[in-house]
Structure formats: structure tokens, C-alpha cells
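Presented below is the structure to which this report refers.
Chain letters run A, B, ... following the sequence lines, proteins first and then strands; every chain starts at 1.
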2 protein chains.
Amino acid sequence: MTSAASRDTAADPIDELIIDVFNRACPSRQAMETVADKWGTLALVALTEGAYRFNALRRRVDGVSEKMLARTLQALERDGLVTRDVQATIPPRVEYTLTAPGTRIAAALRALLDALEAEIPAIMTAREDYDQRH
Amino acid sequence: MTSAASRDTAADPIDELIIDVFNRACPSRQAMETVADKWGTLALVALTEGAYRFNALRRRVDGVSEKMLARTLQALERDGLVTRDVQATIPPRVEYTLTAPGTRIAAALRALLDALEAEIPAIMTAREDYDQRH
DNA sequence: CCGTATCCTTAACGATACTG
DNA sequence: CAGTATCGTTAAGGATACGG
């Protein structure tokens, strides 16, 4: 956005205010809040593979508790990223599916994950190096 | 990976075990742990704009406390995503820069953020709709 | 200026039990 | 099957003060 290298002595209160307002209003920031969530991202990525029912998804996203999965899916449904289809059978079936926006976001997420996976070997050795020096 | 639609009655203990092992070993999962972090992602994205010194970055990533920024930068340095350049001047200067892996990951992150920002209007209206029905 | 150390408060989370 | 409700624990995170 603006050059960072020049920011040096500063601490000008007006600068502070501008940066403050900018950050809070910044869409990146709001976007981050939505995506910086472990279970939410894992659920979105899992749903890339197709529709899932609650307990199937729970098994697929290993380690998630009933409570957290329910809460996560509600949040995703609220944001219009997944749809919740209830079939009034006995026992009840509830299927979760990605919406169009959800699909687009999940695709970007998967791209990020691919990028991350590509760096995992490098990250691992970096960690070992770092840990040995400390 | 495998078809999800067929997963239905299940709860087969062997299935469970396979899924369990798969999930824990899955690189996506490890990758997620690294990226599902609010401050880490914000710092990476900020460093896309160029090198930052500690307090400049602290102002740029609004709302982060000294403690969290320090902890975050240490984690990123440990993973080899940022480098920490200390200049032994008075007062000391410490500059943080993205490494090559860090740059690649930050790029993917930014792509995700762009995708998310594109959906923000849709998400907002979806939320209003949802909130009105509840 | 660049952090570390400490205390403290909140809420995230898991485990368990229960309902339609 | 698909959740909700409650409780207890733990860890994340902010505020503050101090050190190199």
C-alpha cells in the first residue's frame, strides 16, 4: 500500500489514528477473521470432496468434537458458504454442501494448502536448524 | 480422495483407524496448523509490502500486542519464513524480511484473501438474512 | 528501540450427558 | 442420527512493568 521502509521515527498520533482506522475497516482483516479458524477451514476443504452428513464429516475432520463441528457449520451456514439440507426421515439425514461462494473460497484455500505443503520439507529442516541453535 | 457420498452407515473401527491415521499424517493438517493463526497470517501479508522493523510492523498490524508479535515472529523465523536482521547500533535496529518460502506462502495467502474479499458483500447479506430468520 | 517476564482475565475447547 | 446443554480445564491473549 504505502512504502514501509520510510516508516522509522514516527509514532505520530495522527499516523496512528489513520493506521488504526485503516486496519479495522480493511477487508483483509475481516476476511482473515473468517478464515483463520482451524475447524472452519478443515470443514470447507473436506466439503470440496462432495456432500457430507454430520457424523460422516465429523469422522472425516478428525479430532473435532460434536460441539465444535456444530458451531463451525452454523457459522459457515450463516456466512452462506454451506447449505444445510434436512431430510425429515427417521433417522433424520442432514447433508452439508458448499454453496457457490463456499466453493470459490474452498478452492483458494486448497491452493494455499498446496503452497504450504510444498514448503513443508523446507519448514521442517528450518525448524530443526532453529531448535539446535536454541 | 475417496467418494464421500458412500460414507453412510459406517463407524467401522478399521475405517475409523484409517481415517484417524490419515488425518494426523496428512500434510494439509500440518499445513493448517501453521496458517490458521490470525497474527501469523497478518504479519506475513504485511511483510509482502517490504521489510519492517519491529515497532513499525506492530503499528502496521493493528491491535497486536508486543507479546503476540514477538511470539509470532519467532514462530515464523523458526519455520524459515522470515529472517531477522539485527543491526548492532544504538538504538538497535531489527528488520524482518520474508524468505523465499515465506514469499511464496504469503502470495498464496494474499490470493486467498483476495478471494475472500470478493465474497465479503455476499457474506454480509447472507449474515443479515440468517440473523433475521433466527 | 527491541524485546522478555509476570499476572490476570476471558473464552476456546473437550468430555459428558441428554433430547427430538 | 443430529444435534443442544452444562461443566470443568487449559491455553490464548492483553496489560503492565522491567531489562539489554
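We find the CH2-CG distance between Trp39(B) and Leu69(B) to be 9.5 Å, quoted to the nearest 0.5 Å. A distance of 6.0 Å separates CG of Asp129(A) from OG1 of Thr125(A), quoted to the nearest 0.5 Å. The CG atom of Leu109(A) sits 9.5 Å away from atom CG of Leu109(B), with the distance rounded to the nearest 0.5 Å. Here Leu98(B) contributes atom CG and Thr103(B) contributes atom OG1; the two are 4.5 Å apart, rounded to the nearest 0.5 Å. To the nearest 0.5 Å, atoms CG (Leu112(B)) and CD1 (Ile105(A)) are separated by 8.0 Å.
Between Arg78(A) and Asp131(B) there is a salt bridge, since a side-chain N of the basic residue sits under 4.0 Å from a carboxylate O of the acidic one. Comment: Arg84(B) does not engage Glu95(B) in a salt bridge, judged by the lack of any side-chain N to carboxylate O separation of less than 4.0 angstrom.
Clustering of Ile, Leu, Val, Met, Phe, Trp and Tyr by side-chain heavy atoms under 4.5 Å joins Met124(A) with Ile120(A).
The Tyr96(A) side chain lies nearest to dG3(D) when the options are dG3(D), dC1(D), dG14(C). Side-chain proximity of Ala70(A) to the nucleotides dG14(D), dT4(D), dC2(C) is greatest for dT4(D). When the nucleotides dG3(D), dA2(D), dG3(C) are ranked by their closest atom to the side chain of Pro92(A), dA2(D) comes out on top.
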Atom pairs under 3.5 Å, N or O on each side, protein against nucleotides 10-12 of chain C: can you list them with distances?
none

Find every protein N or O atom lying less than 3.5 Å from an N or O atom of nucleotides 16-19 of chain D, and list the pairs.
none

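For Asn55(B) and dT4(C), the CG to P distance is 13 Å, given to the nearest whole Å. Rounded to an integer number of Å, the gap from CZ of Arg59(B) to C1' of dC2(C) is 12 Å. To the nearest angstrom, P of dA12(D) lies 15 Å from CG of Asp37(A). One atom, CG of Asp85(A), and another, P of dG3(D), lie 12 Å apart when rounded to the nearest Å. The interatomic distance linking Leu69(B) (CG) with dA15(D) (C1') rounds to 16 Å, in whole Å. dC1(C) atom P lies 16 Å from atom CZ of Arg84(B), rounded to whole Å. Between the C1' atom of dC2(C) and the CD1 atom of Ile90(B) lies a distance of 13 Å, rounded to the nearest Å. For Arg58(B) and dC1(C), the CZ to P distance is 11 Å, given to the nearest whole Å.
No side-chain donor-acceptor contact under 3.5 Å links Thr97(A) to the backbone of Thr83(A). Proximity of a side-chain donor or acceptor of Asn55(B) to a complementary backbone N or O of Arg58(B) within less than 3.5 Å is not detected.
By the side chain to side chain donor-acceptor pair (under 3.5 Å) test, Glu119(B) pairs with Arg104(A), sequence neighbours left out.
Residue Gln87(B) is out of contact with every strand shown, counting any heavy-atom pair closer than 4.0 Å. If you check every strand for non-hydrogen atoms under 4.0 Å, Gln74(A) touches sugar and phosphate atoms only.
The terminal axes of the helix from dG3(C)-dC18(D) to dG20(C)-dC1(D), fitted over 5 pairs per end, subtend an angle of 40° to the nearest 10°.
In terms of phosphate contacts, Arg93(A) brings no side-chain nitrogen or oxygen within less than 4.0 Å of OP1 or OP2 of dA2(D). For Arg53(A) and dA2(D), the shortest distance from a side-chain N or O to OP1 or OP2 is below 4.0 Å.
Under the side-chain hydrogen bond (donor to acceptor under 3.5 Å, both in side chains) criterion, no residue pair touches residues 63-77 of chain A, with sequence neighbours excluded.
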